[in-house]
Amino acid sequence: MSTVAIISSFADDTQCANAIEQLRAAQVGDFNTFSPIPSHRIERAIGRSKSPVRWIVLAGGILGVLAGLAITIGTTYEWRLNAGGKPLLSWPPFIVICFELMVLLGGIFGFLGVMMLSGVPTTEMEPGYDGRFGEDRFGIVVRCDEAEAARIELVLKESGAEEVVREGA
Amino acid sequence: MSTHLQKAHRERGAMKPRAVESVVGTSTRAVAGAMIVLGATAFMLALSRGGAAIAWQAYLVNLLFFLGVAQGALVASASFYLTQAKWGGSTPYRLGEAFAPFLWVGFFLFFGLYFGRSLIFPWVTHPIAQKAAWLNTPFLFARDGIGLGVMAAASYAFIRVSRGADARAWTIATDDIQLPPHSIRVRAPLVAVLFAVVYTLIAFDLVMSLAPVWRSTLFGWYFFAGCFWSGLTAMALTAVVLRSRLGENNLFTNSTVLHDFGKMVFAFSVFWIYLLFAQYIVIWYGDLPVETFFVVQRVHHLPWSPLSAACLVLIWLIPFTVLMSVRAKKTPVILGTVAGLGLVGMWLERYVLVVPSLSLDAVPFGPTQFLISIGFLGAFLVSAMPGLNRVAQAATSGEPVGDDPE
Amino acid sequence: MAAAPKISAEPSYRDIDRSVLRVMEPAGLAYWAWIGFCFTLVAIAAALWARQIYTGLGVTGLRQPVMWAIYITNFVFWVGIAHSGTLISAILFLFRTKWRTAVYRAAETMTIFAVATAGLFPLIHLGRVWFFYWLLPYPNERSLQPDFRSPLVWDAFAVSTYLTISALFWTMGLIPDIANAREAASGWRKKFYTVLAMGWQGTDRQWRHYSMAYLLMAGLATPLVLSVHSVVSWDFAMAINPGWHSTIFAPYFVAGAIFSGVAMVITLLIPMRRLLGIEDLLTEWHFDNLAKVVLLTSLVVSYAYITEAFMTWYAGDPIEQMTFHMRYFGPWGWMYWVMVLCNCVMPLLLFSPRIRVNLRALWIVTIFVNIGMWFERFVIIAGSLTANFEPSQWAGYRPSITEIMITVGSFAWFVGLFSLFSRFLPIISMTELKEGIVWLRKALKMDRATAA
């Protein structure tokens, strides 16, 4: 059987979250959600685990501290300048550098991590994407067999979908 | 105990404080009373037996610490109004105000320092000509006494309005962007500004002047930031303790509320160490003997360096590493332990700021100091009891709590 | 007060989009004339800088002992301006402050351009600009490395980190909005936005990672804000110069930065909201709250001035007392008192709730604050240097035309870039405004109630 895509749109994120819960209860897993804002309700309804971005940022931060130590200690040993009688390895200034690099690499890693995990930049749009999902509509796009389609459309309509459209994928 | 409370508070009428038995049992009151007696006795004994110097040192350290906690918590309540915090209904406000009676106790105890002034302030026995216009007994006691008195009076003026019906209604109107009632909008900023000014004076006069040659422009701010943090930490500890004593469905069982306390303890401990570092790096880099001796005595030389390290660990390192995770902040045992350790750390910090100026080569800490500290703690607990009742009422009244949980 | 409201009292997501996207429609002649004017001033400044590179720093007024003057003042001033943006966008995000949504994009944009402007000044101040890379560690056969015990090196790291992180944070926030703009646009604009939006579609997967990354970036940016202006203040505090060596500098400068920055935000937003027709999204409620931040930081700055004055007397160091005496009563004393008027006295007016929402009065107060804070940097930096340890070295300072025009050019560069951005990219975050639509509606209701 051929697969179709069912595109539904909702005016409210609560209704959209309800619909997602209904879909999950009905064992439908292959769907994509679009929303103009990050909605906690929808995120909770979908129920995926926390984003791994935080580990990427942590890795970047740790790398930054290590890089800071490496640069400061390494360069001070290479050129042993007597600066006002201060010890060669003076930790107060080195802390400042390590802190800045921690934030720098943590932030850069975080940004790259988000881009990577979000699949951005990309030129391919997910099927069913429409401009109104960026403006004020919440959308669910379900991919399924043609046989299942009617049942799923019913679930969506009952959850308050404004519009349900079927497209041959 | 708890069902009696809950039944009584199901009616949303005028809330009069219940009898002390409700939250703080008679046994606790008895213990606190005994602590006060012990402390006073130890103090008197030390004075009569030639240990006057160490007695007054302990007196000063404890006065600074407990006054700081009480005032810091009160200013936290004022700050909650100024930042329009509605994450806990009226309970965080009551919690901040709970220690306020000690402000008057501290005010009177401050004047007690007059009797020990020759043993506390080096410039009393060895006046410094250049600073004599500022560092002289009458002026110092007048300005700090008036400061503490005005501070206590302003705090109570604030509390009176904060406990009123209007303010309470505002704190539970979670869905509104209206500002707090007008009288709050006048008194809360007043309390905050006075706190900065008065506690800067206290820091300069009661701590910095003990080493009259030393100066640091940031010291006042550093001191009152520590007071503020210790107030927040005491509030967090109290929240954890009351959580288990107040029966089911009290506000402190809401993990979001504990989470918010944990965030504040975390954030302001980082702010404290930032202010510490800002002083340290400037003094270290300039390497001017008139500035460095104070730091070197406390941080780099025995016998004080291990104590300074302990302060750092208790006030910053433990809260920072342990309270970073969301789950830790929401776990009462963890939050309570970190808060308790933090308060010990801040007490130790006051000790390390004050005592080396008076007794450099040895760390004087024996039964006398311990008992005097116990005495102050007892006085603090006794003065907090009526306030804690109000906290219990607020925490069990089933108020709505605002803001989305994460 | 204003013209008829352009959106209803109960705006919808679509209303927000329309209001914000309408700003990005092609602009008229007046706009381009303004851009032209700004960049003409920039061109003059650039030409004078080129002449300075060719001729040398002698074309400035810098003479011993005042070797740090207007350029460094501008550097500190612009880094300070930058801080407000990160405060509003990152720190207030962590506090879950409701009124931040409509203003943070503009504030953050100000940050980016202010840091970019600030970053030019160390370069301008380097006579031999082409050697700027000596500040960074790189392998070389003579084993020469920057001295990490010098605050100027900390500065290089701190300001570069700040520029990078602010830019990344700003970009991240922009992407969903640009995706929105992409849908509504046509022609070359559509292509432009499509490229910039990088294919963002707002899927649940994207929002999940985005939300967490945004929170973490805000969490990183917060200590960064504290650290950057602290490091800049340590350029001065590390020296043992009287008037510079003071432990309070770090938090005092940070508070001053937020003070001048939020004042600049208000200075820019008040005309901008009228010119771009977004009065309904930037309500009085927003300005009331911004004004309170200005008032609070003004009190902190006053506290610092008083503490420094007291401590100078208390410490009894005759050299330090002489420097401060010159600061208050010397040839530049007039500047100090103008500064006190602008920074300490005028903002006291903001205790009045009526003045806070009277946008004309508020704008005037913030103009004074901007002037006062520029003067403050000059008084501290150049003023302290005019009367230092060695009386035989005491000298005055007179800025040259190069320095003056470059200063003017820096303002023109900042305002010009900001004006360009405001027409080409969404100046208000549509995404966050929609997220906080409940509060926007309440604010509008409150606004209309007081206006009626």
Side-chain angles (χ1 to χ4, degrees), chain A residues 32-40 42-43 46 48 50-54 56-57 61 71-72 74-76 78-79 81 83-84 86 90 93-94 96-97 99-104 106-108 110-111 113-115 117-126 129-137, chain C residues 12-14 16-17 137 143-151 153-154 157-158 160-162 164-165 168-169 171-172 175-176 179-180 182-184 195 197-214 216-217 220-221 223-224 227-228 230-231 234 430-432 434-435:
Chain A
N32 221 343
T33 321
F34 298 106
S35 52
I37 58 169
S39 164
H40 286 300
I42 293 181
E43 202 175 314
I46 297 181
R48 290 231 182 85
K50 276 192 172 175
S51 163
V53 164
R54 52 210 173 115
I56 300 180
V57 171
I71 287 184
T72 48
T75 57
T76 314
E78 188 172 341
W79 189 22
L81 189 64
K86 294 177 179 35
S90 325
F94 293 1
V96 176
I97 300 289
F99 176 81
E100 301 295 343
L101 283 179
M102 174 186 85
V103 173
L104 180 67
I108 291 180
F111 184 78
V114 161
M115 296 294 114
L117 290 169
S118 303
V120 159
T122 174
T123 45
E124 285 177 23
M125 299 301 224
E126 297 272 349
Y129 177 72
D130 190 279
R132 62 202 159 136
F133 296 140
E135 192 183 20
D136 61 355
R137 288 290 176 272
Chain C
S12 66
Y13 285 7
R14 185 166 297 174
I16 291 175
D17 271 5
S143 299
L144 299 172
Q145 299 291 346
D147 176 16
F148 281 98
R149 285 155 296 170
S150 161
V153 179
W154 314 341
F157 275 70
S160 331
T161 303
Y162 193 45
T164 312
I165 298 294
L168 291 178
F169 195 49
T171 308
M172 236 176 67
I175 289 178
N180 216 359
R182 161 190 72 197
E183 301 303 327
V195 166
M198 295 196 276
W200 174 268
Q201 295 143 61
T203 61
D204 54 274
R205 165 183 165 225
Q206 290 177 334
W207 281 124
R208 208 174 99 235
H209 298 304
Y210 176 94
S211 302
M212 169 150 293
Y214 199 84
L216 290 171
M217 295 281 279
L220 280 177
L224 184 64
S227 71
V228 171
S230 301
V231 168
W234 289 335
M430 293 178 272
T431 313
E432 293 226 2
K434 289 174 195 169
E435 261 187 290

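Convention: sequence-line order gives letters A, B, ...; per-chain numbering from 1.
- Interface residue C/Ile165: only side-chain heavy atoms are found under 4.5 Å from chain A.
- How far CD of A/Glu100 is from OG1 of C/Thr161: 5.0 Å, rounded to the nearest 0.5 Å.
- With a threshold of 4.5 angstrom between heavy atoms, C/Glu183 approaches chain A through side-chain atoms but not through N, CA, C or O.
- Interatomic distance, A/Ile108 CD1 to C/Leu220 CG, rounded to the nearest 0.5 Å: 11.0 Å.
- Your options are C/Arg149, C/Met212, C/Lys434, and the one with the most heavy-atom pairs under 4.5 Å with chain A is C/Arg149.
- Nearest heavy-atom pair, C/Pro137 versus A/Thr75, reported as atom, atom and distance to 0.1 Å: CB-CG2, 4.0 Å.
- Remark: the C/Gln145 side chain and the A/Glu78 side chain contain an N/O donor-acceptor pair separated by less than 3.5 Å.
- For a residue to count as touching a neighbouring chain, one of its non-hydrogen atoms must lie under 4.5 Å from one of that chain's; by this rule C/Thr203 touches chain A with backbone and side chain alike.
- With a threshold of 4.5 angstrom between heavy atoms, C/Leu216 approaches chain A through side-chain atoms but not through N, CA, C or O.
- Looking at A/Val57, only its side chain comes within 4.5 Å of chain C, counting heavy atoms on both sides.
- When every heavy atom of C/Glu435 is checked against every heavy atom of A/Pro38, the shortest pair comes out as OE2-O, 3.5 Å.
- Taking every heavy atom of both residues into account, A/Ser51 and C/His209 meet most closely at OG-ND1, 2.8 Å.
- For the atom pair A/Met115 CE and C/Ile175 CD1, the distance stands at 4.0 Å (nearest 0.5 Å).
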C/Phe157 vs A/Leu104, test: side-chain contact (heavy atoms from CB on, under 4.5 Å). Steps then yes/no.
CA-CA 9 Å; C/Phe157 275 70; A/Leu104 180 67; over 6 Å; no
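- Under the ring pair (Phe, Tyr, Trp, His ring centres under 6.0 Å) criterion, C/Trp154 pairs with no residue at all, not counting sequence neighbours.
- The shortest heavy-atom contact between A/Pro52 and C/Arg208 is CD-NH2, 4.4 Å.
- Listed options A/Ile46, A/Thr122, A/Thr123 were ranked by heavy-atom pairs under 4.5 angstrom with chain C; first place goes to A/Thr122.
- The candidate with the highest count of non-hydrogen atom pairs below 4.5 Å against chain C, out of A/Thr76, A/Ile97, A/Ile71, A/Asn32, is A/Ile97.
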Residues A/Arg48, C/Asp204; criterion side-chain contact (heavy atoms from CB on, under 4.5 Å); working and verdict
CA-CA 10 Å; A/Arg48 290 231 182 85; C/Asp204 54 274; 3.4 Å; yes
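- Listed by chain and residue number, A/Asp13 satisfy the side-chain hydrogen bond (donor to acceptor under 3.5 Å, both in side chains) test with A/Ser39 (two or more places apart in sequence, or in another chain).
- Note on A/Val114, A/Val96, A/Ile56, A/Leu117: by heavy-atom pairs under 4.5 Å with chain C, the leading option is A/Leu117.
- Here the closest heavy-atom approach between residue A/Ser118 and residue C/Gln206 is recorded as O-NE2, 3.1 Å.
- One finds the CG atom of C/Asp147 at 5.0 Å from the CG atom of A/Leu81 (value rounded to the nearest 0.5 Å).
- Both the backbone and the side chain of C/Met172 come within less than 4.5 Å of a heavy atom in chain A.
- With a 4.5 Å cut-off on non-hydrogen atoms, C/Pro176 does not touch chain A at all.
- With respect to chain A, the highest number of heavy-atom pairs below 4.5 Å among C/Asp17, C/Leu168, C/Val153 belongs to C/Leu168.
- Counting heavy-atom pairs under 4.5 Å between each of A/Phe133, A/Phe99, A/Trp79 and chain C puts A/Trp79 at the top.
- Listed options A/Ser35, A/Gly107, A/Ala83 were ranked by heavy-atom pairs under 4.5 angstrom with chain C; first place goes to A/Ser35.
- Distance CZ/A/Arg137 to OH/C/Tyr13: 10.5 Å, rounded to 0.5 Å.
- Side-chain contact between C/Trp207 and A/Ile42 is absent, with no heavy-atom pair separated by less than 4.5 Å.
- Options C/Ser143, C/Ser12, C/Ala158 differ in how many heavy-atom pairs under 4.5 Å they form with chain A, and the most are formed by C/Ser143.
- Closest approach of C/Gln201 and A/Tyr129 over heavy atoms only: O-CE1, 3.3 Å.
- Atom CG of A/Asp136 and atom CZ of C/Arg14 lie 4.5 Å apart (nearest 0.5 Å).
- Contacts of C/Pro223 with chain A are made by both backbone and side-chain atoms, with heavy-atom separations under 4.5 Å.
- Put simply, the side chain of A/Ile37 does not reach to within 4.5 Å of the side chain of C/Glu432, judged on heavy atoms.
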